[in-house]
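Computed from a prediction, not measured in an experiment: that's the story for all the values here. Residue numbers run from 1 in the order of the sequence given.
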Amino acid sequence: MNLTRGALAALLLLAGSMGSAAAQGIYTCTDAKGRVLNADRPIADCIDRTQKELNPSGTVRRTVGPSLTAQERAAQEAQQKLMQEEQARQREEKRRDRALLVRYPNKAVHDQERAQALSQVDDVIRAAQKRVGELQAERQSIDAEFEFYKKNPTRVPSSLQRQADDNARSTAVQSRFIAEQDAEKKRINARFDDELVKLKQLWTPQVPAPR
């Protein structure tokens, strides 16, 4: 219900005499037409503007903000979610920076770990290259046997043909593996390069801005 200014004083006096029963207080606001409205509950005509809840003594207990439409609430919640996600991202970035700085306190340590990572891949590549060499030697032996049947290919034993096929498949597998390891070295270098850019910032003392 809406009350006149005179009725508001009576309501406040009544609320004071009722003690704890008047805990909810009195609401007051100015509507879109400039009218001052008072009620014992949030005022519907002021849903789009600020309302004050008064204590029985007439002092302001709290200020109630404008009620939002469903669309406005959705927009507000979306904005709050974006802010929370950004704050979480910043916290995670700071955590990663701290971990990176602990792992690499200086460039020498970073360079050493890069060299170790690349060395491990090089070891794998050398092992694969050795296997390719063995397969090539095996292929030469197979080709020599094929030479014996050159004049009559239909007499090539099936076991010899299987050896040739297996050799070709294994060689292709090792070649693909070596190419993958070469790509892995590029990924390692790219990762360490990106880290180095960030670490140079973290290693540089931050100078406080002048006041």
Side-chain angles (χ1 to χ4, degrees), residues 25 27 29 42 46-53 55 59-139 166-211:
Y27 291 85
C29 71
C46 291
I47 196 170
D48 60 342
R49 57 197 59 237
T50 300
Q51 303 185 45
K52 293 180 181 179
E53 183 182 3
N55 290 310
T59 58
V60 177
R61 174 184 295 178
R62 63 179 178 131
T63 299
V64 182
S67 298
L68 302 177
T69 65
Q71 185 176 4
E72 289 171 337
R73 279 196 302 272
Q76 186 182 69
E77 289 170 0
Q79 182 65 24
Q80 290 174 344
K81 183 178 179 181
L82 287 175
M83 291 176 60
Q84 291 169 353
E85 290 175 349
E86 176 60 19
Q87 291 171 352
R89 186 195 66 77
Q90 292 178 0
R91 288 194 298 269
E92 177 62 16
E93 184 176 354
K94 289 180 180 179
R95 184 195 68 78
R96 290 181 179 178
D97 287 350
R98 288 193 297 269
L100 194 64
L101 196 55
V102 168
R103 184 171 182 177
Y104 304 116
N106 53 60
K107 189 173 185 297
V109 175
H110 191 255
D111 289 345
Q112 182 180 13
E113 185 158 325
R114 183 203 293 256
Q116 289 175 346
L118 293 173
S119 177
Q120 290 174 356
V121 178
D122 285 336
D123 289 343
V124 173
I125 290 176
R126 280 192 291 270
Q129 289 172 335
K130 180 181 178 182
R131 177 57 182 154
V132 169
E134 294 171 349
L135 289 168
Q136 289 173 343
E138 182 182 283
R139 185 70 195 197
D166 290 344
N167 180 277
R169 280 193 294 270
S170 296
T171 300
V173 167
Q174 293 300 322
S175 297
R176 286 196 300 270
F177 181 72
I178 291 172
E180 290 170 356
Q181 295 308 303
D182 286 335
E184 176 63 14
K185 289 182 67 175
K186 292 180 181 179
R187 286 192 290 271
I188 289 172
N189 275 317
R191 190 200 98 197
F192 277 90
D193 287 344
D194 290 343
E195 286 180 349
L196 190 57
V197 172
K198 185 64 178 179
L199 283 166
K200 285 180 178 179
Q201 298 173 356
L202 298 175
W203 290 330
T204 302
Q206 300 298 315
V207 180
R211 296 183 178 179

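For the atom pair CG of Asp97 and CG of Leu202, the computed distance is 5.0 Å after rounding to the nearest 0.5 Å. Taken to the nearest 0.5 Å, the CD atom of Gln174 stands 12.5 Å off from the NZ atom of Lys130. In this structure, OG1 in Thr204 is found 9.0 Å from NZ in Lys200, a value given to the nearest 0.5 Å. With rounding to the nearest 0.5 angstrom, the OH atom of Tyr27 is 4.5 Å from the CZ atom of Arg62. Residue Trp203 holds its CH2 atom at 8.0 Å from CG of Leu100, rounded to the nearest 0.5 Å.
Checked against side chain to side chain contact (heavy atoms under 4.5 Å, CB included), Gln79 has the following partners two or more places apart in sequence or in another chain: Leu82, Met83. With sequence neighbours excluded, no residue forms a side chain to side chain donor-acceptor pair (under 3.5 Å) with Asp48. Residues that satisfy the salt bridge (charged side-chain N to carboxylate O under 4.0 Å, His left out) test with Arg49, not counting sequence neighbours, are absent from this structure. Under the side chain to side chain donor-acceptor pair (under 3.5 Å) criterion, Lys107 pairs with Asp111, not counting sequence neighbours. By the side chain to side chain donor-acceptor pair (under 3.5 Å) test, Glu195 pairs with His110, Arg191, sequence neighbours left out. Residues that satisfy the side chain to side chain donor-acceptor pair (under 3.5 Å) test with Glu134, not counting sequence neighbours, are Arg131. Arg126 pairs by the salt bridge (charged side-chain N to carboxylate O under 4.0 Å, His left out) definition with Asp123, not counting sequence neighbours. Every residue two or more places apart in sequence or in another chain was checked for a side chain to side chain contact (heavy atoms under 4.5 Å, CB included) with Gln120, and none qualifies. With sequence neighbours excluded, the residues that form a side chain to side chain contact (heavy atoms under 4.5 Å, CB included) with Thr50 are Thr63, Pro66. Glu86 is linked by a side chain to side chain contact (heavy atoms under 4.5 Å, CB included) to Arg89, Gln90, counting only residues two or more places apart in sequence or in another chain.
Residues Gln51 and Cys29 share a closest heavy-atom pair of CG-CB, 3.9 Å. Shown here for Val60 and Lys52, the closest heavy-atom pair between the two residues is CG2-CD, 4.1 Å.
In the displayed structure, Lys198 atom NZ is contacted under 6.0 Å by more than 12 heavy atoms of other residues, nucleotides or ligands. Atom CD of Glu85 is surrounded by more than 12 heavy atoms from other residues, nucleotides or ligands within 6.0 Å.
Here the side chains of Arg91 and Gln87 are in contact, with some heavy-atom distance below 4.5 Å.
Residues in residues 179-190 take part in these side chain to side chain donor-acceptor pair (under 3.5 Å) pairs, two or more places apart or across chains: Arg114-Asn189, Asp122-Lys185, Glu184-Arg187.
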Please test Glu93 against Arg96 for salt bridge (Lys or Arg N to Asp or Glu O under 4.0 Å), starting from the C-alpha separation and ending with a verdict.
CA-CA 5 Å; Glu93 184 176 354; Arg96 290 181 179 178; over 6 Å; no

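No donor-acceptor pair closer than 3.5 Å links the side chain of Thr59 to the backbone N or O of Asn55.
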